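Because the structure is predicted, anything quoted here is derived from the model rather than measured. All ligand and atom numbering here is 1-based and tracks the order in the structure.
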Amino acid sequence: MSQLSTKHLIGIEHLSVQDVQLILETATQFKEIINRPIKKVPTLRDITIANLFFENSTRTRISFELAQKRLSADVINFTSSSSSVKKGETLLDTVNNILSMKVDMIVMRHSSPGAAHYLAERVQAQIVNAGDGTHEHPTQALLDAYSMQEKIGDLTGKKIAIIGDIMHSRVALSNIFCLQKLGAEVTLCGPPTLIPKDIHRLDVQVSYNIDEALKWCDVANVLRIQLERQNTKYFPSLREYALYYGVNKQRLDKLQKEIVIMHPGPINRGVELTSDVADSEHSIILEQVENGVAVRMAVMYLLANKQD
Ligand code: CP
């Protein structure tokens with residue numbers, strides 16, 4: 001199979017296992033290309049892509065733009081803070097106006113869960129979800145899985161701990177779906193207040209003890225405490241969070257085993273990860289960012305080449 005089963009990338013949940021494998025295999029080919037002296041290919045020369053970011057982003061926005069430029073697509077960047085959204089224009093009106101300028105694909109980040117799905121139901125262009133509220137961040141999960149495979153091989157039977165603010169994280173949900181499709185076991189770890197009560201329905205294990213979770217896993221994907229999404233106090237203080245759930249060098253030294261540490265960024269240094277872990281030989285955080293370009297090239301290439 002050389003085609004995706006879907007016209008849009010809204011989330012990992014509804015991708016098939018073959019879709020995920022196809023994206024990861026295609027990313028390997030693009031990674032080889034972007035490490036050549038001439039990094040650019042003409043693959044999307046006739047395609048125009050608009051990046052619509054209604055929420056802040058550093059990594060994802062730059063990574064998508066670089067991926068589009070490496071594929072020779074025409075690129076338009078839109079940030080809501082300097083747009084007519086500020087004058088009261090609706091999401092659909094904004095997008096329809098942009099599409100009337102002959103745009104083929106929309107990459108969108110939005111604070112509302114379901115925003116990408118809402119657009120996909122209403123416009124002709126292909127939609128790529130670059131993060132919708134607390135729902136999904138599919139390309140982050142794909143680049144995470146790619147980076148894990150690169151580091152520890154086939155993920156079948158591998159043990160992955162996702163640690164931190166599960167409740168407010170779109171990365172956690174997309175990672176769970178992606179890792180399970182690739183055959184990995186997933187344990188979620190964090191304070192009880194930051195783990196949704198019905199999460200067991202997703203067939204994951206839950207631990208409230210970080211030392212046990214670290215001892216169990218091959219890879220720890222550590223998530224940011226999303227203070228901007230917390231409208232109540234979920235733990236007494238950041239100092240206490242770091243004490244009970246922060247990944248630090250003392251915790252890793254006690255394990256006396258190989259462990260891979262990941263983080264989607266941006267990091268709250270000294271809270272979920274100390275600097276001596278984030279910058280250590282265990283960490284593949286910058287490899288994740290590097291792989292994001294190849295994975296996003298693969299996603300946009302496969303979507304653009306999808307036949308109806
Ligand atoms: N990982 C991630 O989505 O980072 P940004 O918010 O900087 O895009």
*Report the member of Asn56, Thr58, Ile62 with the shortest heavy-atom distance to atom 5 (P) of ligand 1.*
Thr58
*Using the six-membered ring wherever Trp is involved, compare the ring planes of Tyr241 and Phe235 and label them parallel, tilted or perpendicular (cut-offs 30° and 60°).*
tilted
_How far is atom 4 (O) of ligand 1 from the closest protein heavy atom, and which atom is that?_
Arg59 NE, 3.1 Å
*atom 6 (O) of ligand 1 - nearest protein heavy atom and its distance*: Arg109 NH1, 2.9 Å
_Reported CD1-to-NZ distance for the pair Ile152 and Lys159, which is rounded to 0.5 angstrom_ = 11.0 Å
*Look up atom NZ in Lys249 and atom OG in Ser275, then write down how far apart they are to the nearest 0.5 Å.*
13.5 Å
_Expected output: side-chain Glu272 to main-chain Asn268 donor-acceptor under 3.5 Å_ = yes
*Thr60 neighbourhood, listing ligand 1 atoms whose heavy-atom distance to it stays under 4.0 Å*: 2 (C), 3 (O), 4 (O), 5 (P), 8 (O)
*With rounding to the nearest 0.5 Å, note down the distance linking OG in Ser147 to CD in Gln288.*
5.5 Å
*Could you check atom 1 (N) of ligand 1 against the protein and tell me its nearest heavy-atom contact, residue, atom and distance included?*
Pro264 O, 2.8 Å
_Where ligand 1 meets Gly265 - atom numbers and elements under 4.0 angstrom, heavy-atom basis_ = 1 (N), 2 (C), 4 (O)
*Is the closest heavy atom of Glu55 to ligand 1 under 4.0 Å?*
no
*Which atoms of ligand 1 sit under 4.0 Å from any heavy atom of Gln140?*
1 (N), 2 (C)
*Give yes or no for whether the N/O distance cutoff of 3.5 Å, strictly under, is met between Pro266 and ligand 1.*
no
*asked:* Strictly distance-based, threshold 3.5 Å: is any side-chain N or O of His8 a donor or acceptor partner for the main-chain N or O of Ile10?
replied: no
_Aromatic ring proximity, centroids under 6.0 angstrom, Phe53 and Phe78_ = no
